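Accompanying notes for the structure given below.
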Amino acid sequence: MVENNFQKILSVVQSVPEGKVATYGQIARIAGIPRNARQVGYALHGVSEGTDIPWHRIINTKGQISFPVDSSGYAIQRALLEAEGIRFSLQGRISIKKYQWKR
DNA sequence: CTCGTGACGGTAT
DNA sequence: TATACCGCCACGA
């Protein structure tokens, strides 16, 4: 059984329930690559379009979207999260403590 | 093989 | 609490 980290990551991301969020490091840890959170972002970058992967539920450990606030990606991700009931603070942050998927 | 890059994380200041 | 720096590691040139 040849599971690439790529597939493993997508599998974990796909298991994140609606209304919840997870950090890159969290996904990486669960996927078996705790020291490679960057790979998670890279993997999602390759499937951000045309898939069922809930990539928008993945944010960084700061509780913020890892995109420039003036980018289209930021607007899209934020809109998708708010559509699931996730509230953003005035600083563009969310309460990971509250929406956190797993630990 | 080496070098530079990055949707990151943790610690120091 | 916010910012700066360093460490990790897969990928592509």
Side-chain angles (χ1 to χ4, degrees):
Chain A
M1 165 112 163
V2 287
E3 283 182 339
N4 288 345
N5 290 330
F6 188 80
Q7 280 295 318
K8 186 69 177 178
I9 291 169
L10 299 186
S11 179
V12 177
V13 173
Q14 208 162 35
S15 64
V16 179
E18 183 178 322
K20 296 287 184 179
V21 297
T23 66
Y24 294 94
Q26 180 119 75
I27 296 299
R29 194 170 102 82
I30 297 173
I33 50 176
R35 308 298 178 212
N36 206 6
R38 304 181 90 118
Q39 190 60 28
V40 176
Y42 189 84
L44 293 178
H45 185 271
V47 300
S48 59
E49 209 176 306
T51 62
D52 300 12
I53 308 298
W55 61 272
H56 57 282
R57 293 177 195 155
I58 311 306
I59 58 178
N60 59 32
T61 194
K62 300 173 188 172
Q64 300 187 270
I65 293 174
S66 296
F67 276 114
V69 293
D70 59 350
S71 67
S72 60
Y74 180 92
I76 295 172
Q77 184 169 12
R78 176 162 177 167
L80 290 171
L81 290 175
E82 292 185 318
E84 297 184 353
I86 297 177
R87 301 280 214 81
F88 280 75
S89 70
L90 295 177
Q91 301 179 339
R93 300 171 58 183
I94 70 171
S95 304
I96 287 185
K97 296 282 190 179
K98 182 178 180 183
Y99 301 113
Q100 172 178 94
W101 173 47
K102 278 186 180 179
R103 58 175 174 166

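This structure is a prediction, so every number in the text was calculated from the model and none was measured. Sequence lines set the chain letters: A, B, ... in the order given, protein chains first and strands last, and positions in each chain run from 1.
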Q.
Is there a side-chain contact between I59(A) and Q64(A) in this structure, where contact means two heavy atoms from C-beta onward sitting under 4.5 Å apart?
A. no
Q: Report the distance from atom CD1 of I33(A) to atom P of dG7(C), rounded to the nearest whole Å.
A: 21 Å
(Q) Expressed as a whole number of angstroms, how long is the span from R35(A):CZ to dG6(B):P? (A) 24 Å
**Q.** Atom-pair distance (CZ on F67(A); C1' on dG6(B)), nearest Å
**A.** 12 Å
Q. Considering only dA2(C), dA7(B), dC11(C), which nucleotide approaches the side chain of Q39(A) most closely?
A. dC11(C)
Q. Between dA7(B) atom C1' and R57(A) atom CZ, what is the distance in whole Å?
A. 17 Å
Q. Toward the 5' end of DNA chain C, which comes first, F6(A) or K62(A), by nearest nucleotide?
A. K62(A)
Q: For Q14(A) and P54(A), work out which heavy atoms get closest and say how close.
A: CA-CD, 3.8 Å
Q) Does the side chain of P68(A) come within less than 4.5 Å of Y74(A)'s, by heavy atoms? A) no
Q: Ignoring hydrogens and angles, answer whether the base of dA7(B) and the side-chain atoms of Y42(A) contain a donor-acceptor pair closer than 3.5 Å.
A: no
Q. In terms of side-chain heavy atoms of N36(A), which of dA7(B), dC8(B), dA10(C) is nearest?
A. dA10(C)
Q. Just checking R93(A): base, sugar-phosphate only, or nothing, at a heavy-atom cut-off of under 4.0 Å?
A. sugar-phosphate
Q: Would you kindly give the CZ-to-P distance between R29(A) and dG10(B), to the nearest whole Å?
A: 11 Å
(Q) I need the CG-P distance between L44(A) and dC8(B), as an integer number of Å. (A) 10 Å
Q. With distance as the sole criterion, do the side chain of R38(A) and the base of dC8(B) form a donor-acceptor contact below 3.5 Å?
A. yes
Q: Respond yes when some side-chain nitrogen or oxygen of T61(A) is under 4.0 Å from OP1 or OP2 of dC8(B), and no when none is.
A: no
Q. Do we get R93(A) above F88(A)'s six-membered ring, with its NZ or CZ under 6.0 Å from the centre and within 45° of the axis?
A. no
Q: Please tell me if the side chains of I58(A) and Y24(A) come closer than 4.5 Å, counting only heavy atoms from C-beta onward.
A: yes
Q) Rounded to the Å, how far apart are Y24(A) OH and dG10(B) C1'? A) 17 Å
Q: Return the nearest nucleotide to the side chain of H45(A); candidates are dC9(C), dA7(B), dG9(B).
A: dA7(B)
(Q) Without decimals, in angstroms, what is the distance between Q64(A) CD and dA2(C) P? (A) 8 Å
